[in-house]
Amino acid sequence: MTPLFPPRHKGEKHTGSLEAVPIKPFTHKYGLSLLLIAALFTVLALRLMVRPPEGPESVTVRSQNGVYDLTGLADLDETLIRLAPAGTYYPNTYLSPENAAAAVPESIDRYKEIRADYLSQRFVLRLPDTSEVYTLTIALSGRHAMRVYVNGSLTAQAGHPGTTKQDTEVWENNITFDAAATDGKMDIILHSAQFYHVKRGASLGSLSLSKSGTVPDSFSFDRIKGMAVAGAFLCAAVLLLGIYLLLSRTKATLYFALACVVMALRECLQSQAWTYFHIPGNLSFMLEYLSVVLLTVFLSLYLGQYATGKLLLGVQYTAIFGSCVYGLCVLLGDSIFYTSVLGYYQILLVLCIVPGIAGLFWNMRSPTKEQGAAIYGIAVFFLAALSDILMYSDLFGDGPNAPISEMAMLVFVLAQTVSLFLMNNRVLAQAKEAEQKLETEKNALEALNRLKTEFLGNVSHELKTPLTVMSGYAQTTKQLAQNPDTLEGGEVSRRMTLISSEAERLSLMVGQVLEVTRMEEGRMVMEPVRCYVDEIIHAAVETHYPILNKNQNRLDIRIESGLPAVHADPVRISQVIVNLISNAVRFTANGLITVSARREGSHILVCVSDTGVGIAAERLPHIFERYSKKHKSGVGQDTGTGLGLYICKHIVEQHGGTIWIESQEGHETKLFFTLPVL
């Protein structure tokens, strides 16, 4: 037995009362706290790494009486000119170059009072009288349909501006074009329309200008980054789908792969990289809202593998059901309708996410490796989202915004992918182990089936032997009875004794088969009472003497005097003793069979030994198995079913005892069993 506290080696000294804390129990106990701290440091590192791209040197110019005078700027090379918003605009009006002078503008001070789903803006620029070509960019808040006239000519268009929602197709939130001044003047008219959002009509655009080719497009970086991030999400999705299809059919892997596809779609839409594909603007507007629904559903299904308890299951089902309802609103309803109920859906998500994530963290406060990877990714994502919310709220000052949610989402996907790899490895290992177990069980069943087949053949043969003997003696006795003159009483008595002996042996074999059936079905009944082993041994020998008195063996009974009582079933213990003696008789000729009993501690030890042929060492480990192969006795007594010792083992163990065998091939065999005393 291994001591609880191992002894010290010679010369080893105690170094004090403090002991080193094992690392594994420490990390297991404080695993959640360490993961959250690691996630916090990751977010801080992302905040330091991700900075807004440094733009070109810029100059802000304000209008004077509606005109932006840029003639005084000496050098426009590599300089971005930002035009401060003009003081007027034209709500619910499309200003044409022909009637621009006659139209009456509104002050932008009334912008929030007047709901305008479409509007016009006018920018009049004074530029140096040269042939320079300028790159102009107009940026708006939210998706719009836009059309730009420069000096009376249509120069650029994004989407299709109209006066109703039906004839308006929104596109993106910026438009870039090249234009040149005419006689040092550039008259720009912007049409913008937005009929799709219940709380937001057409917004006012801001204009920036630079010499063509000197300043890179500020929006191209966002599109390239969006394509790269979307590509990373798609790569993760393909990898996970490959794992799902080729290696393991775990639903969590499929759900997260689909979530990666949706994240790639959403990144493509938000970064406006979708404009490189043939997707209608109205469809992309709907897909942007629908992507939130799909992402919520797939992530809820994915995180459901960690949901235990009614609270988390309720949160999961609520989030999925609410998302499905809102998804139907997006698919079947008008954009004005689904943007009007968006706030309620967002509230529902907040009410589900906060307790759901808190519950997941609580349930996995002592996480496994795969759970730890999942928790780390979730914590990074939500801490980054909180950081971006605080950044956009300008609580810590008004400065350039550098969101980290996109990078955090990549960390989240990477962490969940690692978690899924670990989970799939575990599932595959379990599947392989189960397969090996099934293979082992299959081989065992096949071996058992072969043993049963052999057993049935043996039993048929063994049952036939006593029947043949009984039938033969019965027929010859009948012939003697037909000739009363030759009938001898002694001969008839001898033959009847042999018939009785064979019938008893037949009964024992049939009884063994029935006993095994009862044992396997749990129907073997034990009726223990207070009894004495010496009485059971003497009764068993006297009752079954006809079948035990074979092969000219001597039977010696050695029982220690004063043996205490036992709590046992006398019939079953007698059955064990008869089986053991019967085996000894079958494998012994002209020898000595000894039955002994003595007390050893809290048990009574019974031993049946013989001086027969013994048992080979390789067969000893299997001697108590059912259907074990019989071996030749060497004395012409090979009858038996091969079930006797299996039954004996079951009976002895049911009484709280043990049974074992000792044998030396060619010399002797000893079978022992114990019974606890009262």
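In this chain, residues are counted from 1 in sequence order.
Residues that satisfy the side-chain contact (heavy atoms from CB on, under 4.5 Å) test with Leu414, not counting sequence neighbours, are absent from this structure. Applying the salt bridge (Lys or Arg N to Asp or Glu O under 4.0 Å) criterion to Lys225, with sequence neighbours excluded, gives Glu406. Every residue two or more places apart in sequence or in another chain that forms a side-chain contact (heavy atoms from CB on, under 4.5 Å) with Ser208 is listed here: Leu80, Thr137. Every residue two or more places apart in sequence or in another chain was checked for a ring-ring contact (aromatic ring centres under 6.0 Å, His included) with Phe233, and none qualifies. Contacts of Phe361 classified as ring-ring contact (aromatic ring centres under 6.0 Å, His included), with partners at least two apart in sequence or in another chain: none. Qualifying salt bridge (Lys or Arg N to Asp or Glu O under 4.0 Å) partners for Glu288, counting only residues two or more places apart in sequence or in other chains: Arg143. Under the rule for a side-chain contact (heavy atoms from CB on, under 4.5 Å), the partners of Met407 that lie at least two apart in sequence or sit in another chain are Leu46, Val50, Leu410. Not counting sequence neighbours, the partners of Glu653 by the salt bridge (Lys or Arg N to Asp or Glu O under 4.0 Å) test are Lys649. Under the rule for a salt bridge (Lys or Arg N to Asp or Glu O under 4.0 Å), the partners of Asp334 that lie at least two apart in sequence or sit in another chain are Lys165. When the side-chain contact (heavy atoms from CB on, under 4.5 Å) test is applied to Thr318, the partners found at least two apart in sequence or on another chain are Leu348, Cys352.
Under the 4.5 Å side-chain criterion, counting only non-hydrogen atoms from C-beta, Arg223 is in contact with Glu172. Thr296 places a side-chain heavy atom less than 4.5 Å from the side chain of Tyr345. At least one side-chain heavy atom of Leu240 sits less than 4.5 Å from a side-chain heavy atom of Leu420. Taking the side chain as every heavy atom from C-beta outward, Leu136 and Asp178 never approach each other to under 4.5 Å. Looking only at side-chain heavy atoms (C-beta outward), Ser340 and Ile336 stay at 4.5 Å or farther from each other. Side-chain contact between Cys329 and Phe337 is present, with at least one heavy-atom pair separated by less than 4.5 Å.
At least one donor-acceptor pair closer than 3.5 Å links the side chain of Gln121 to the backbone N or O of Gly205. Side-chain N or O atoms of Tyr118 include none that pairs as donor or acceptor with a backbone N or O of Phe195 at under 3.5 Å.
Within the structure, ring pair (Phe, Tyr, Trp, His ring centres under 6.0 Å) pairs that include any residue of residues 236-263 comprise Phe256-Tyr302, Phe256-Phe412 (at least two apart or interchain).
Closest of all the heavy-atom pairs between Leu119 and Ala202 is CD2-O, 3.4 Å. Nearest heavy-atom pair across Thr168 and Ala145 is CG2-CB, 4.0 Å. Of all heavy-atom pairs between Met263 and Leu295, the closest is CG-CD1, 3.4 Å. Of all the heavy atoms in Val198 and Thr339, the pair that sits closest is N-OG1, 3.1 Å.
The number of heavy-atom neighbours closer than 6.0 Å to NE2 of His160, taken from other residues, nucleotides and ligands shown, is 12 or below.
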Would you be so kind as to tabulate the donor-acceptor pairs closer than 3.5 Å made by side chains of residues 35-42, with sequence neighbours excluded?
residue, atom, partner, partner atom, Å
Thr42, OG1, Ala38, O, 2.8
Thr42, OG1, Tyr376, OH, 2.6

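With respect to Trp171, the ring-ring contact (aromatic ring centres under 6.0 Å, His included) criterion is satisfied by exactly one of Trp274, Phe285, Tyr196: Trp274.
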